[in-house]
Amino acid sequence: MLVTLLADLQQSAWSQALRASLWVYPLVNASHVLGIALLVGTIVVLDLRLLGMWPRAALQPVSAVLLPAARAGFALAAGSGLVLFSARPLDYAFNALFLAKLALIGLALFNAAALSRAPPWRAVLQGAAADGRVRLGAVVSLVLWLAILLLGRLIGYR
């Protein structure tokens with residue numbers, strides 16, 4: 001049943017037009033790259049700040065700028081990613097690298113939610129030093145988002 005739905009999507013006028021377009025697919029792909037750059041770039045800076053880099057930069061104003069930018073980057077990457085998926089759903093849906101990327105995105109989002117709800121996070125925003133839980137969350141975030149970035153690049157070469 002899933003294969004039939006994916007095959008129908010791949011044969012849809014939308015999917016065929018997307019694959020055939022000289023401009024639309026590359027523009028959607030560029031949007032995906034921009035979203036990823038915005039998301040991962042801001043997350044790396046925030047995680048490094050949590051790990052002690054740039055100690056003179058107060059976390060509250062830094063995170064007030066970076067977190068909305070990361071959310072916007074995620075929204076752009078996810079939206080454009082769905083469009084890219086619709087161009088070749090049968091290729092992606094059963095690709096182990098793609099499935100691993102989706103699983104890691106789920107873990108990264110869970111980690112971000114857990115980190116932002118942890119009591120130490122609020123203390124860190126108020127100027128306290130990051131405790132072990134916050135530091136661990138930052139390391140996990142860095143590893144996950146960089147692994148997601150790597151998997152995304154590998155998918156293009158498979």
Side-chain angles (χ1 to χ4, degrees), residues 2-3 5-7 9-10 14-15 18-19 21 23-54 57 59-122 124-125 130-158:
L2 176 61
V3 174
L5 289 172
L6 294 173
L9 175 59
Q10 189 156 315
W14 161 261
S15 183
L18 185 60
R19 286 191 308 272
S21 174
W23 292 102
V24 177
Y25 189 89
L27 288 173
V28 173
N29 199 6
S31 297
H32 193 62
V33 171
L34 177 61
I36 292 165
L38 187 56
L39 168 65
V40 176
T42 57
I43 292 301
V44 167
V45 171
L46 183 59
D47 287 340
L48 291 176
R49 173 59 190 86
L50 288 171
L51 292 171
M53 291 192 75
W54 312 293
L59 188 60
Q60 178 77 32
V62 168
S63 66
V65 171
L66 294 181
L67 289 175
R71 288 183 195 108
F74 181 80
L76 181 58
S80 58
L82 285 171
V83 174
L84 292 172
F85 176 84
S86 74
R88 296 183 0 221
L90 289 170
D91 293 340
Y92 293 124
F94 304 105
N95 180 310
L97 295 172
F98 179 75
L99 297 173
K101 177 183 170 183
L102 292 182
L104 291 184
I105 290 171
L107 288 173
L109 293 174
F110 177 80
N111 181 65
L115 183 61
S116 70
R117 287 175 176 74
W121 172 253
R122 290 183 182 79
V124 171
L125 284 177
D131 77 350
R133 290 175 288 182
V134 171
R135 288 180 170 282
L136 178 60
V139 169
V140 168
S141 174
L142 277 171
V143 169
L144 287 172
W145 286 113
L146 294 175
I148 291 162
L149 182 65
L150 177 62
L151 286 171
R153 294 304 309 142
L154 290 173
I155 290 166
Y157 294 103
R158 204 156 197 244

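Predicted model only: the values in this text are computed from it and were never measured.
- Arg49 places no side-chain N or O within 3.5 Å of a backbone atom of Val62 that could act as its donor or acceptor partner.
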N/O donor-acceptor pairs under 3.5 Å from side chains in residues 30-40, not counting sequence neighbours:
| from | atom 1 | to | atom 2 | distance (Å) |
| --- | --- | --- | --- | --- |
| Ser31 | OG | Leu27 | O | 3.0 |
| His32 | ND1 | Ala77 | O | 2.8 |
| His32 | ND1 | Ser80 | OG | 3.1 |
| His32 | ND1 | Gly81 | N | 3.4 |

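- Sorted by first and then second residue, the pairs that involve residues 89-110 and meet salt bridge (charged side-chain N to carboxylate O under 4.0 Å, His left out), not counting sequence neighbours, are Arg88-Asp91.
- Residue Leu136 holds its CG atom at 7.5 Å from CG of Asn111, rounded to the nearest 0.5 Å.
- Across all their heavy atoms, Ala70 and Ile43 have their closest contact at CB-CD1, 3.8 Å.
- The aromatic rings of Tyr92 and Phe98 sit tilted relative to each other, their planes meeting at an angle between 30° and 60°.
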Determine whether Leu48 and Leu142 satisfy the following criterion, side-chain contact (heavy atoms from CB on, under 4.5 Å), listing intermediate values before the conclusion. CA-CA 8 Å; Leu48 291 176; Leu142 277 171; 4.1 Å; yes
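- Residues Val24 and Val83 have side chains not in contact (no heavy-atom distance under 4.5 Å, counting atoms from C-beta outward).
- Within 6.0 Å of CZ on Phe94 lie more than 12 heavy atoms contributed by other residues, nucleotides or ligands.
- The minimum heavy-atom distance between Thr42 and Ala69, with the atom names listed, is CG2-CB, 3.8 Å.
- Here CH2 of Trp145 is found 10.5 Å from CG of Leu149. Values are rounded to the nearest 0.5 Å.
- With Ser86 contributing its side chain and Ser15 its backbone, the two residues share no donor-acceptor pair below 3.5 Å.
- Closest approach of Ala87 to Leu18, counting heavy atoms only: CB-CD2, 3.6 Å.
- One distance of note links CD1 of Ile105 with CG of Leu144; it measures 10.5 Å at 0.5 Å rounding.
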Please report the C-alpha distance between Leu50 and Leu115 in whole Å, then the side-chain angles of each, then the deciding distance to 0.1 Å, and finally whether the side-chain contact (heavy atoms from CB on, under 4.5 Å) criterion is met. CA-CA 11 Å; Leu50 288 171; Leu115 183 61; 4.2 Å; yes
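- Atom CG of residue Leu90 and atom CZ of residue Phe85 lie 8.0 Å apart, to the nearest 0.5 angstrom.
- Rounding to the nearest 0.5 Å gives a distance of 9.5 Å between CD1 of Ile148 and CG of Leu102.
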Would you please test Leu59 and Leu46 for side-chain contact (heavy atoms from CB on, under 4.5 Å) and show each step? CA-CA 8 Å; Leu59 188 60; Leu46 183 59; 3.7 Å; yes
